[in-house]
2 protein chains.
Amino acid sequence: MANKNIMLTPGPTPLPPQVLEAMSRPLIHHRTEEFGKIFASVIEDMKYVYRTKQTVLMMTCSGTGAMESAVTNLLSPGDATLICTTGAFGDRFVAIHKAFGLSPVVLPFEWGRAVDPDALRASLKANKGLKAVFFQHTDTSTGVVNDLKTLAKIVREESDALVVVDSVSGLACEPLETDAWGLDAVLTGSQKGLMNAPGLGFAALSERAWKAVETAKLPRYNFDYRIMKKSLADRETPWTPAISVVVGQAAALKLLRAEGIENVWKRHDELAAHARRALSAQLGLPFYAKNPANILTGVVLPEGVDGVKLLADILREEGISIAGGQLQLKGKLVRLAHMGYISKSDVDAGVEALARRLAKVKA
Amino acid sequence: MANKNIMLTPGPTPLPPQVLEAMSRPLIHHRTEEFGKIFASVIEDMKYVYRTKQTVLMMTCSGTGAMESAVTNLLSPGDATLICTTGAFGDRFVAIHKAFGLSPVVLPFEWGRAVDPDALRASLKANKGLKAVFFQHTDTSTGVVNDLKTLAKIVREESDALVVVDSVSGLACEPLETDAWGLDAVLTGSQKGLMNAPGLGFAALSERAWKAVETAKLPRYNFDYRIMKKSLADRETPWTPAISVVVGQAAALKLLRAEGIENVWKRHDELAAHARRALSAQLGLPFYAKNPANILTGVVLPEGVDGVKLLADILREEGISIAGGQLQLKGKLVRLAHMGYISKSDVDAGVEALARRLAKVKA
C-alpha cells in the first residue's frame with residue numbers, strides 16, 4: 001500500500017474533505033442564478049476574512065496574477081513607487097513593475113528579517129510623491145511576517161501613497177485588518193490560508209484605491225478591475241471563472257466562518273508554537289526568520305547536508321511534501337508549513353521524518 | 001427529488017466522471033515529480049489535439065486571458081494588425097488590442113456569416129506591413145465556423161503576417177491542423193471541447209511566432225511566454241497553477257486520445273447533424289448561422305417570444321441549461337450546444353424541452 005500523502009508545503013495546502021466533495025460535483029454554468037448565489041457568498045465571506053466593508057474582486061489566476069493586477073490597475077507610466085522587499089515575493093513585485101516600465105525605489109531587507117519601521121520612515125522622507133508603497137504580509141520564501149499595522153500607519157503619516165499588500169500566504173493565517181489598518185489593496189490566492197485549490201486570486205480595494213483604479217493608465221484587459229466590478233453588480237465574472245475552484249472556495253469559506261476568523265488566527269498561532277517546540281526538541285537546528293510568521297518555520301540545515309536530496313527522499317519514501325529553500329537558500333533550508341488545513345498530526349509526522357532522516361545523514 | 005441537471009451550454013460543458021474523480025483526489029504539490037509527469041502529459045496530449053510538433057504553453061486563466069496573452073507576447077507598440085470579426089469574440093480581440101494601445105484594422109462580417117476569403121484578400125492587399133492577422137476558429141456567440149485552412153493560406157500568399165487563431169470553442173470539436181495549415185498561434189481554454197472544468201488556457205506557437213515573442217515589446221509578466229517556456233523545460237509552471245484543473249485536464253485528454261482526434265471530430269459532426277434534424281423536426285424555426293459550426297446550433301425565436309424568460313423557465317423547472325443570444329441577440333436566439341461531453345440524449349432532452357415550452361408560449 002502506498003503511503004498516505006501528507007502535504008506540509010506553504011501553498012498549496014491540503015484540502016478539507018468538504019472542498020474536495022464540492023469540486024467533485026457536476027459542473028454548473030456560470031451565468032445562472034445558482035452560480036450567482038455561490039459567487040456572491042464567496043465575495044461576502046472574503047470580506048469577512050479580509051475584515052473589510054469595501055470592494056472585493058475575484059479573478060482566475062495564481063497569486064502572481066493578483067499581484068500584477070494591483071500594479072496595472074493602480075498605476076500609470078512614470079508613477080513613483082516604493083517596494084519593501086523581505087524575500088523572493090518582494091522581488092516579484094519589483095519584476096512586475098519593471099515589466100510594465102516602472103522604476104520603483106526598492107528598500108531591501110536582509111532575508112529573514114521584517115521591514116524595519118525606521119528604515120521605511122527614512123525612505124518615505126527621502127522619496128516624496130510616491131503613488132504607492134508595496135509590502136508582503138508574510139514572505140513565503142523566508143517565513144517572515146511584517147507588522148502591517150505599524151507600517152501602514154507610517155506610510156499614512158509620511159505620504160499620500162497607497163498601501164498595497166501581498167497577503168497571498170498571510171491572509172487567514174495571521175491577523176490582518178484591511179479597513180482598520182488602512183490597507184488600500186490586499187491581494188491573496190485561494191491555495192493557502194483559504195484552504196482551497198489554487199486557481200483564484202482576490203483583491204480587496206479601499207475607496208482611495210478605487211479612485212486610483214479609475215485614473216490608472218497602465219494597460220490591462222483580462223485583469224481590468226473596472227470590468228470586474230461592473231460584472232460583480234450582476235453577481236457575475238466578466239470571463240468564465242474556474243467554476244469548480246469557486247465552488248470549492250465557497251465550501252472552504254463556510255468552514256472558516258463557522259470557526260470564526262479570530263479563532264482561525266489563534267489556531268495558527270498555537271500550531272506555529274507547537275511546530276517550533278517540536279522542531280527545537282527533535283532537530284536542535286537554528287530557525288531562519290528573525291521575525292517568524294505563523295505560516296511556516298524555516299530551519300537552517302547543517303553545513304554539508306543536501307536539503308534538496310533530503311526532502312526528495314522524504315517525499316519519495318514517506319509521501320510527505322516539505323518545501324526547501326528558494327534561490328540563494330536552495331538546499332540549505334527546510335520550510336515546514338503549518339497553515340491552512342494542516343493539522344498537528346501532519347506537523348508531527350513531518351518533524352519526525354526530518355529528525356529520522358537527519359540522524360541518518362549525520363550518522 | 002430535484003431534476004438531474006443537463007448542461008447544453010457552449011462552455012462550460014459537462015464533465016466526464018473520470019474528470020470529476022480526478023479533481024476530487026487529495027491535492028498534490030506542483031513542484032514534485034508526480035505533478036511534473038502529469039503536467040508533461042497534458043502538454044504532450046495537447047500537442048496531439050492541436051496537431052502540432054511545436055511549442056504548447058499552459059496558463060491559469062479563462063479563454064480571454066489566453067487571447068490577451070497572444071496579443072501582448074506577439075506584438076509591440078505601433079504594430080499594424082488585422083482582426084476579422086464574426087461575432088462577440090472577434091470584438092473581444094479588438095477590445096484587447098485597444099486596451100494595449102494598438103489600433104487594429106477591423107474587418108467585420110455580418111453576424112452569422114464566416115470570414116469571406118475574397119474580402120480577406122482585398123483587405124490584405126490594402127493593408128501592407130501587417131504583423132499579425134486575428135481570427136476565430138468558431139465564434140461561440142453566433143455558432144459560425146471559419147475555414148481556417150483557406151484563410152491561413154491567403155494570409156501567407158499576401159503577407160508575412162502571423163496567423164493568430166482563437167480556438168477556445170473550436171479545438172477538439174472541429175478539425176484544426178496547427179502545423180499543416182500554418183497557424184502561428186492557436187489559443188484555447190479547458191472548458192469546451194477539452195471536456196474539463198474552466199481555469200486553464202493554452203497557446204500553441206509556431207517557430208515564426210516564437211521569434212516574434214522574443215522581440216515583442218508590449219508589457220507582460222503573468223502571461224509572459226518566455227518565462228513559461230523556461231519553466232516548461234523543468235516540467236513546471238512559473239506560478240502556482242490551478243492544480244486540480246490540471247489533474248482533471250490530464251484525465252480528459254486521456255479520453256480524447258483513446259477515442260482518437262479524428263473520431264472526436266466525426267462525433268461532433270454527427271451530433272451536430274442529429275441536433276439540427278431534431279431541432280428542424282420539432283421546432284421548425286430558422287437556424288441563425290449561414291456557416292454553421294459543429295459546436296452549437298443557433299435557433300432564431302419567433303417575434304414576441306422572450307428568450308431570456310423561456311430559457312430561465314427551462315433551467316428552473318427542468319434543470320436544463322441552454323444558452324441564449326448575446327448582445328444584440330439577447331432574448332432573440334437559442335444556442336443549443338452539442339460539443340465536448342454533451343451526448344445525444346442530452347441534446348434530445350434539450351430539444352424536447354424547447355419544443356414543449358415554445359408550444360406553450362405560442363398557445
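Naming convention: chains lettered A, B, ... in sequence-line order (proteins, then strands); numbering from 1 in each chain.
Nearest approach of B:H29 to A:M7, heavy atoms of both residues: N-SD, 3.6 Å. Closest heavy-atom contact between B:T240 and A:P12: CG2-CD, 4.4 Å.
Annotation: the span from B:N222 atom CG to A:T72 atom OG1 amounts to 9.5 Å, rounded to 0.5 Å. Atom NE2 of residue B:H30 and atom OG1 of residue A:T9 lie 8.5 Å apart, to the nearest 0.5 angstrom. In this structure, the separation between OG on B:S321 and CZ on A:F35 is 12.5 Å, given to the nearest 0.5 Å. Within the model, atoms CE of A:M59 and OG1 of B:T60 stand 14.0 Å from one another, a figure rounded to the nearest 0.5 Å.
For A:A353, the side chain to side chain contact (heavy atoms under 4.5 Å, CB included) partners two or more places apart in sequence, or in a different chain, are A:I314, A:E318, A:I320, A:R356.
Only the backbone of A:R25 comes within less than 4.5 Å of a heavy atom in chain B; its side chain stays farther off. Looking at B:R31, neither its backbone nor its side chain comes within 4.5 Å of chain A, counting heavy atoms on both sides. Heavy atoms of A:T237 lying under 4.5 Å from chain B are absent altogether. Contact of A:I28 with chain B is made through the backbone alone, with heavy-atom distances under 4.5 Å. Both the backbone and the side chain of A:I243 come within less than 4.5 Å of a heavy atom of chain B. Only the side chain of B:L315 comes within contact range of chain A, judged by heavy atoms closer than 4.5 Å. Looking at B:A312, neither its backbone nor its side chain comes within 4.5 Å of chain A, counting heavy atoms on both sides.
Of the listed residues B:E33, B:M67, B:R220, the one with more heavy-atom pairs under 4.5 angstrom with chain A than any other is B:R220.
The closest side-chain heavy-atom distance from B:T64 to A:P238 is not below 4.5 Å. Contact check for B:P219 versus A:L218: no side-chain heavy atoms found under the 4.5 Å cut-off. At least one side-chain heavy atom of A:Y221 sits under 4.5 Å from a side-chain heavy atom of B:R92. B:P198 has its side chain within reach of A:L27: a pair of non-hydrogen atoms, C-beta onward, lies under 4.5 Å apart.
Contacts with chain A (heavy atom to heavy atom, under 4.5 Å) involve these residues of residues 14-24 of chain B, listed by number: B:L15, B:L20, B:M23, B:S24.
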